[in-house]
Amino acid sequence: MKGNIMSVKMVSYKADDLPPRTDADRARLAALAARPDSEIDLSDIPELTEEDWKNAVRGKHYRPVKAQITASLDKDVLAWLKSEGRGYQTRMNAILRREMLQARASGARG
């Protein structure tokens with residue numbers, strides 16, 4: 001491929017943009033779904049084993065979508081966040097995420 005990668009146009013679709021499935025599409029999909037796993041050709045990429053999954057980390061490359069908000073904080077809380085230097089909003093998000101995950105793990109609402 002010649003040229004800059006940025007010169008390649010990215011194409012994306014949303015489910016609503018796709019044409020409706022035809023009867024032939026549905027029949028092909030049903031036939032594929034009915035095939036047993038033993039008929040899957042794994043010659044180009046072998047099936048992963050339990051050993052392969054042993055050190056897997058869920059969400060390692062996941063980046064949540066950010067939402068810009070306006071929030072009112074106590075001045076001393078904001079001063080404390082900013083006292084650590086740049087990135088106070090990122091730290092604030094990390095603190096809230098940690099609390100959210102702890103609450104979920106303990107079975108609290110949320």
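Around CG of Asp23, the count of heavy atoms belonging to other residues, nucleotides or ligands within 6.0 Å does not exceed 12. Heavy-atom neighbours of Glu47 CD from other residues, nucleotides or ligands within 6.0 Å: at or below the threshold of 12.
Residues Ile40 make up the rest of the hydrophobic cluster containing Leu42, defined by ILVMFWY side-chain heavy atoms closer than 4.5 Å, directly or through other members.
The nearest pair of heavy atoms linking Leu81 to Tyr88 is O-CB, 3.6 Å.
Under a 3.5 Å cut-off, the side chain of Asn93 and the backbone N or O of Thr90 do not form any donor-acceptor pair. Checking side-chain atoms of Arg91 against main-chain N and O of Gly85 turns up a donor-acceptor pair under 3.5 Å. No donor-acceptor pair closer than 3.5 Å links the side chain of Arg104 to the backbone N or O of Glu99.
Salt-bridge annotation for Asp17 and Lys14: absent, with no side-chain N of the basic residue lying under 4.0 Å from a carboxylate O of the acidic one.
Residue pairs meeting the salt bridge (charged side-chain N to carboxylate O under 4.0 Å, His left out) criterion with at least one partner in residues 32-46, sequence neighbours excluded, are Arg35-Glu39.
For the atom pair CZ (Arg97) and CD (Gln102), the distance works out to 13.0 Å, reported to the nearest 0.5 Å.
Looking at Leu96 and Met100, their side chains never come closer than 4.5 Å, going by heavy atoms from C-beta outward.
Residues passing the salt bridge (charged side-chain N to carboxylate O under 4.0 Å, His left out) test with Glu51, sequence neighbours excluded: Lys54.
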